[in-house]
Amino acid sequence: MSEAAAIKKVTEHSPEEIEKVKNWINTEEYKERNFARSALVVNPAHACQPLGAQMVATSFEGALPFVHGSQGCASYFRSTFSRHYREPAAATCDAMTEDGAVFGGQNNLFEGLENAYALYKPKMIPVYTTCMPEVIGDDLTAFIKNAKLQGHLPENVLTPYANTPSFNGTHIHGYDAMLKSILETLTEGQSIEGKCTGKLNIIPGFDGNVGNLREYKRICELMGIPYTMLADSSDVFDSGCDGEYRLYPGGTRLEDAAESVNGKATLALQKYSTVTTMKWIEAEYTGEKVIMPMPFGVKKTDELILKLSELFDKPVPEQLKKERAQAVDAMTDAQQYLHGRKFAVAGDPDYLLGIVSFLLEMGARPWHVLCSRATKKFKKEMDALLESSPFGAGCTTYINKDLWHMRSLLVTDPVDGIIGDTHAKWAARDAKIPLFRIGFPIIDRVNLHRSPWVGYTGAINMLTMIANKFLDIKDETCEDQWFEMMR
Amino acid sequence: MSEAAAIKKVTEHSPEEIEKVKNWINTEEYKERNFARSALVVNPAHACQPLGAQMVATSFEGALPFVHGSQGCASYFRSTFSRHYREPAAATCDAMTEDGAVFGGQNNLFEGLENAYALYKPKMIPVYTTCMPEVIGDDLTAFIKNAKLQGHLPENVLTPYANTPSFNGTHIHGYDAMLKSILETLTEGQSIEGKCTGKLNIIPGFDGNVGNLREYKRICELMGIPYTMLADSSDVFDSGCDGEYRLYPGGTRLEDAAESVNGKATLALQKYSTVTTMKWIEAEYTGEKVIMPMPFGVKKTDELILKLSELFDKPVPEQLKKERAQAVDAMTDAQQYLHGRKFAVAGDPDYLLGIVSFLLEMGARPWHVLCSRATKKFKKEMDALLESSPFGAGCTTYINKDLWHMRSLLVTDPVDGIIGDTHAKWAARDAKIPLFRIGFPIIDRVNLHRSPWVGYTGAINMLTMIANKFLDIKDETCEDQWFEMMR
Amino acid sequence: MAERKPIKGVTIESTEKLIAETLAEMPEKAAKKRAPHLGANEPTASPCAVKSNKKVVPGVMSQRGCAYAGAKGVVWGPIRDMVHVSHGPVGCGVYSWGTRRNLMQGVPGVTSFPMDFTSDFQERDIVYGGDIKLEKLLKEADELFPLNKGMSILSECPVGLIGDDINAVAKKMENELGKLVVPCNCEGFRGVSQSLGHHISNDSIRDHIIGKFQFREEPGPYDVALIGDYNIGGDVWAAKPILEEIGLTVKSVWTGDGEVEKIGATHAVKLNLIHCYRSMNYMCKVMEEKWGIPWLEYNFFGPTKIEASLRAIGECFDDTIKANVEQVIEKYKPAMQAVVAEYKPRLDGKTAMLFVGGLRPRHTIGAYEDLGIQITGAGYEFAHQDDYDRTAPEMAKGTLIYDDVSEFELEKFVEELKPDLVGSGIKEKYVFQKAGIPFRQMHSWDYSGPYHGYEGFKIFARDIDMAINSPTWGLVKSPFE
Amino acid sequence: MAERKPIKGVTIESTEKLIAETLAEMPEKAAKKRAPHLGANEPTASPCAVKSNKKVVPGVMSQRGCAYAGAKGVVWGPIRDMVHVSHGPVGCGVYSWGTRRNLMQGVPGVTSFPMDFTSDFQERDIVYGGDIKLEKLLKEADELFPLNKGMSILSECPVGLIGDDINAVAKKMENELGKLVVPCNCEGFRGVSQSLGHHISNDSIRDHIIGKFQFREEPGPYDVALIGDYNIGGDVWAAKPILEEIGLTVKSVWTGDGEVEKIGATHAVKLNLIHCYRSMNYMCKVMEEKWGIPWLEYNFFGPTKIEASLRAIGECFDDTIKANVEQVIEKYKPAMQAVVAEYKPRLDGKTAMLFVGGLRPRHTIGAYEDLGIQITGAGYEFAHQDDYDRTAPEMAKGTLIYDDVSEFELEKFVEELKPDLVGSGIKEKYVFQKAGIPFRQMHSWDYSGPYHGYEGFKIFARDIDMAINSPTWGLVKSPFE
């Protein structure tokens, strides 16, 4: 094409044209075309496997997460966690580049492990992978063995590793892969016939709320149940500021994790982010294995406490009975602010099941439930939960749809509010409804990762956040004649 | 005046006239005239003495508050507490009427005590007064003695009483008067030379936040300090819902209160609502007497913990050190959202001193501080606090001014937000600024009386409520081009 | 009035047995005083056996308020364009500031005054009297709130005890300011309940307001006044349009979203329509005697009562209005049937017990019955004999009637009758919710509403269904016991 | 450039000693690789001794990102009217969605696209290739976002490893859709940092965009283009008005709040003004060679640099522009002096250490110095030699220069030099705040800004004062130890 002919004038959309399209994207017709998409994904509400692996890798005492692959990924995972928790999120990487693509990443791994170990003196270096080594098929088993054989790393340094390709599953699957690998490494040779630590192993799953993790621990402490939380991110991602930076501010003690194979019971509170781990634990661990839903709301917390009471033959402490009664008191006192309100919810599978069950308990009406990457099994479980209550009627569960699909739903079939992570704020703004930030990541508010959503206190926290926001809106949008002292 | 001449047409204000006055009330000139008021009070931010008395009276185990005077007052106190706490607030009254005005209320008291005791079987009946008996000068000492003499009430029923005239002081003075009288009654004859219970007596003062009271107790429990909270409203005004209504759901055990006279130390955390009580305790109680400011913010919580540590020779527990560091972490991480922001604050003296010290700690700028009924002593103490920090510069303390005065201040000298109770919502609305509900009463939101404002966790709660509301406003009012994923 | 179907398990005997058991636990003297105020309903008995309007029995924990509450809270507060001065110490004004939900139009602080004006009596005012301060205060208020259409002086307890003369001050200041200044001696210790406060306020209107103004428009054949609707949660805004839709001209409202001058010109209307009989019947009688204005009690709770009321109102006017009435009834019938269709299935056969002020225990029964809910117990805080006479026929035989019920009695009655819902006030709400019993505030509509008229019934039905069928009640029973 | 005053306690020796001590703690091989990248500043040395633009030393915890981040995050993301497709698995698109604060005008989802478009590669796309899916996806995007002015295909790691041919797909779809479809082979594993991503993106602009469009208006003598301002926190909106105030016509912005067609017509301007030299110098050179457009580096951080830049820009034009420059400088001087007067007293003599991307470690020094703050250490994530050469004269003798500094090194350096402020990124912020050291994000302006131009300096000064002088730092030291 001759250059002159190719030169077009800079174009400008007319205001009318812009207005036309602006209205068009809110129509039923647009929604149909939008849902007809099969290749393009717009505003997905999930991240990739290695992010989940890093959450686990950082949640063990003295563990230095190690990304085998591209350094860009490591920096993205670190900045994502730092923006959510407003905390440091250390992780290192062996920075594979073009030559790695050709010759594989073994040399990078050698140098990376050597330097990481020397500089940061970790007790454990959990390794996980990015796209590149997965596509070119790096053999981590061999690489790590060679690294130790060739003296890049002392033999005794714990180097669990997991293949976490971002082109299948999401961050919750990376969490699962890394956790299984770390436990395999730590419990190696620790299983002693007949031995029982008398302890409960708690696996919280991929949960960006340190308040939730603390609530699980508090419940166990109140019930006098000794526990080990496997992948405990609560201190790592909520350490204090006292003038000294600590690279390893907490996490599950390695000895405790090692011993966990001889635990009295193992409890996973997120089914979908511990699938392979629990299958492995089923085979390898002593004691009972229990998978329960995240205890959002009163009924699910009751179930958890009854199970713990049964497992450890402990009475339900007065303090928890009191907290239960106070939660029921708060919910009965404030049900008028949520009853019948329609909600859209977006997030990870285990969070969605918990939030929806809390809404049903309050007489609220989940209406659009969306998980941008999930299995039919999950959809079946969600639909069953919805059918268990009259307030679930009319709700639709969407899997493998994204937040641009959600936007179409919100503007064509309006609801009162949407519950999800920060990414949902654009759809909430277009639909002119409030966003209740329960999920991961939350990078536009402060401290919402500190107070629990689970347990009896968590039920009060969720109820308070939602009810008070609706009342804020009422006060801020009503005409003078409807502005009132009492709400 | 002949009827015809007197008959005027129904008048109508023209839109222009309305607009004129609407703008006039926002002017400096109006502010001057408004501040020139000497007789009219408009929208005062305090209540009357017997309300404070009732908070104390209800906070002892098995105590049935008893209003000597008009039944209208009793119903107003009960509905005020029920609207704030969303909890029952039982109190009875001997319903004086016209004849009481003529002959005094002795007969009412006789019948009232008899019926109250028979019907509700209290362990104690604290009596306090409304305007009528105070104006006509009922002699409660005599009346109560006679009631027992004439068999209306068994001799052993505890009937502490306090004169709580609403025409002087406010609810915090009623709190003081009733507390002193109850302690006098309960500790009668209990003081034993040389005896020391080894316990700390905590007096929270008039505080509508049960979360604050629980935080004081939690701190003591963490430090291993045995305590008795005198006038403990935390369970009374936050009891659970389990299918059974309890008239007496908690409160300070009478035996503990009796023993408190032999305590190791007595700590009052609200100076202005315990003046006569502490003067009396100074004389009557064993052990140390300490009056400290409400521990809003880190520094004041430090001072409290150091004092407790010193008084009871207990080390500062790791958990509190950790919480301190987490509070400092949250405050340093979020200081950009409060730094330099101007605040108006309205409320009771001790709350005001606490809130202002927290704001100064955050680098925020208290600007209009108003207490609608306070002494020059308080003003001096507040001005001294303001002078202690560069961020207090430019702030003015107003005493004996009301929320209509505050309105003039807000519309002529704008600030970023106002901290106060629900009554401040009208001024906040006219000034188009957010209201942060810290105070009493809060009757238009849910559960803000459950999470603490004091202590390290309280500092995080306040910071979170204020910062996240400012960020809500930013997201909800910015144009599309300034709407951002990260805040 | 069609007699109510008997309610399963509720007979004269069972109810009287319950009353006896309850009285037995009281001191003798109290039981003697309380007995006449409790009874098993006899729909046809006239007068109703239950006694009322007597002094509170000291110490039993009555729910009653005082005369000031009846004056400032009920009658004066809703009048939007007056400065209402709570004359006395600070408490009464603060506790009643914005806590009665009498919504009002206007620019707050400019043309409407939803605020707390008070003289904030201190000790020296008790000792030296408050009249001088009152004068100064009225001048300041008129200066700072120039568009007020008048000011009311609402006495609190001390004023009547220290010999102040607010009537003199009012007269003096009315002349000096050229503005209505209305004294109201509603000291809290007067009378036995809020009721005397209504009466004193009606008298103040009679003596200082009515007759002083005339409407700007010429009188019309269909001019009416809406008496005794206080715009709780917007009730007036849901009721007035219906009356206008049948062709009437609502000239003034006593006193919801009220305008004092229009109240003062009400003597010119053709008919007074009174919703809350208890608080405003006095002025209906005065207007009837002095200006020959007939008055009609009407009831806008629930379609059955709305239709009956519209037809009764139609009877007072010509055929045009009667025709409009039938048209309006037909127009809203589908919507009402839709509401009943949606909610009745979930509410049919449920029972409720009511304890409210002076009207709603009987007036809302129709709305509950429209949803299939039967009332097993009802009573008033401050009703009189004529209220109870109007109540008996509205309730099934043997149901429980309780006047000025105490906390002790109501708990026993509810425990025994086990209603699916209790409708009462803020002081009772959390007592019964702790016991796992659904509750609706029938004073303040639980901050919802309106409940009057066609629009109100939709909201009422939704709220009652929400309260009774909320899944949160399923959580109350703990699995740990 | 006036040479900087020496900083107390900072000498070539002390700095070299610090470097040596730090390297001593590293494995030998790592120390050998890192040594050339750390140095004590020699303001007059040319070229600067510090080496740069080399591969990250594995395992040391570098702060660098990747080529995709340099392409999508830096260059393409800010172009508001294009659909930018993150081509590959879901992660890269999500982590970079809205996390660079390149603000943009327009109706989101209609004329501007601040969104995450991705092909969300699954295993089958790796195995069978993603080209077919890419075609389908581009059609779907053009259909659902019709007002887009073009689409970019930004390759993630897998694309380059599985032999996909996005260039072919781009060409085919550009013809089919009649829309600009720009391929950019910015796989993350390419090059050593974000820098190659800039370069590859500049090449894509060169090959697929520039020259294809012409401005609607006739060319004018004062037509300029703003190169390398990405509108972080609104920087472009604070810079552009100043250039227009001195009489220039800013025809296009690369690429903050950018419009792709205007970028494609930039070959017609008279002068390219480049702020971020590192990311966009490539296209300045191309436009100079191909269209003879001169280009000038300028610096809008702080009054000193703004004034110098305006005068330098003035020199490229006639006397009218030169006169305007002096006028504008005078106009804003008072405001700038007021800012300095308010904040300098509280900041004078303080020190700061900077570690940012490829420009700000040197470019913001002027603004810090305008407030009396001296820079004791500076370094870049992905600068090259020409950047370090430009840095040396801006810093005092003996100050510390660190290229691609690792976490390990930066902690040691900060611990030793004890700056009053560290200016770096989100991954460093909380590390140093835990140590009680005030911090400002100098990538994202800590969600504040703008920091460019006169308006930006006011906000910058306020924020730096807030960070350093926040009373919260006084709480860090616990009284319990």
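Chain letters run A, B, ... following the sequence lines, proteins first, then strands; residues in each count from 1.
If you measure heavy-atom distances from Q49(A) to chain D, you find no contacts under 4.5 Å at all. Only the side chain of L64(A) has a heavy atom closer than 4.5 Å to any heavy atom of chain D. Heavy atoms closer than 4.5 Å to chain D are found in both the backbone and the side chain of E87(A). Only the side chain of T80(A) comes within less than 4.5 Å of a heavy atom in chain D; its backbone stays farther off. Heavy atoms closer than 4.5 Å to chain D are found nowhere in T170(A), neither backbone nor side chain. Contact of F110(A) with chain D is not made at all, since no heavy-atom distance falls under 4.5 Å. Both the backbone and the side chain of S38(A) come within less than 4.5 Å of a heavy atom in chain D. Heavy-atom distances place both the backbone and the side chain of E12(A) under 4.5 Å from chain D. Only the side chain of K33(D) comes within contact range of chain A, with at least one heavy atom under 4.5 Å from a heavy atom of that chain. A89(A) does not touch chain D: none of its heavy atoms, backbone or side chain, sits under 4.5 Å away. No part of H171(A) comes within reach of chain D, as not one of its non-hydrogen atoms sits under 4.5 angstrom from that chain. Using a 4.5 Å cut-off between heavy atoms, R246(A) does not touch chain D at all. With a 4.5 angstrom heavy-atom cutoff, E411(D) touches chain A only via side-chain atoms. For F77(A), the part lying near chain D is the side chain, with the backbone staying farther off; criterion is any non-hydrogen pair under 4.5 Å. For V107(D), the part sitting under 4.5 Å from any heavy atom of chain A is the side chain, from C-beta outward, and nothing else. For T99(D), the parts lying under 4.5 angstrom from a heavy atom of chain A are both the backbone and the side chain. Heavy atoms closer than 4.5 Å to chain D are found in the side chain of S70(A), but not in its backbone. For A265(D), the part lying under 4.5 angstrom from a heavy atom of chain A is the side chain only.
Each of K29(D), K55(D), K32(D) was evaluated against E111(A); a single residue qualifies, K29(D), per the salt bridge (Lys or Arg N to Asp or Glu O under 4.0 Å) test.
Between D242(A) and K477(D) there is no salt bridge, since none of the side-chain N atoms of the basic residue sits less than 4.0 Å from a carboxylate O of the acidic one. Salt bridge annotation for E25(D)-K121(A): absent, with no cationic side-chain nitrogen under 4.0 angstrom from a carboxylate oxygen. Note on K9(A) versus E261(D): no salt bridge recorded, every NZ/NE/NH1/NH2 to OD/OE distance being 4.0 Å or above.
Contact tally against chain D (heavy-atom pairs below 4.5 Å) for E114(A), E244(A), R83(A): the top residue is R83(A). The most heavy-atom pairs under 4.5 Å with chain D, out of W24(A), F81(A), Y30(A), come from Y30(A).
Ring pair Y85(A)/Y430(D): centre-to-centre distance not below 6.0 Å. A distance below 6.0 Å separates the ring centres of W404(A) and F145(D).
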Would you please test M132(A) and L161(D) for side chain to side chain contact (heavy atoms under 4.5 Å, CB included) and show each step? CA-CA 8 Å; M132(A) 198 162 74; L161(D) 299 170; 3.6 Å; yes
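Panel note: side chain Y117(A), backbone G59(D); no donor-acceptor pair is recorded below 3.5 Å. At least one donor-acceptor pair closer than 3.5 Å links the side chain of K149(D) to the backbone N or O of T11(A).
Across all non-hydrogen atoms, the minimal contact from N115(A) to P27(D) is OD1-CG, 3.3 Å.
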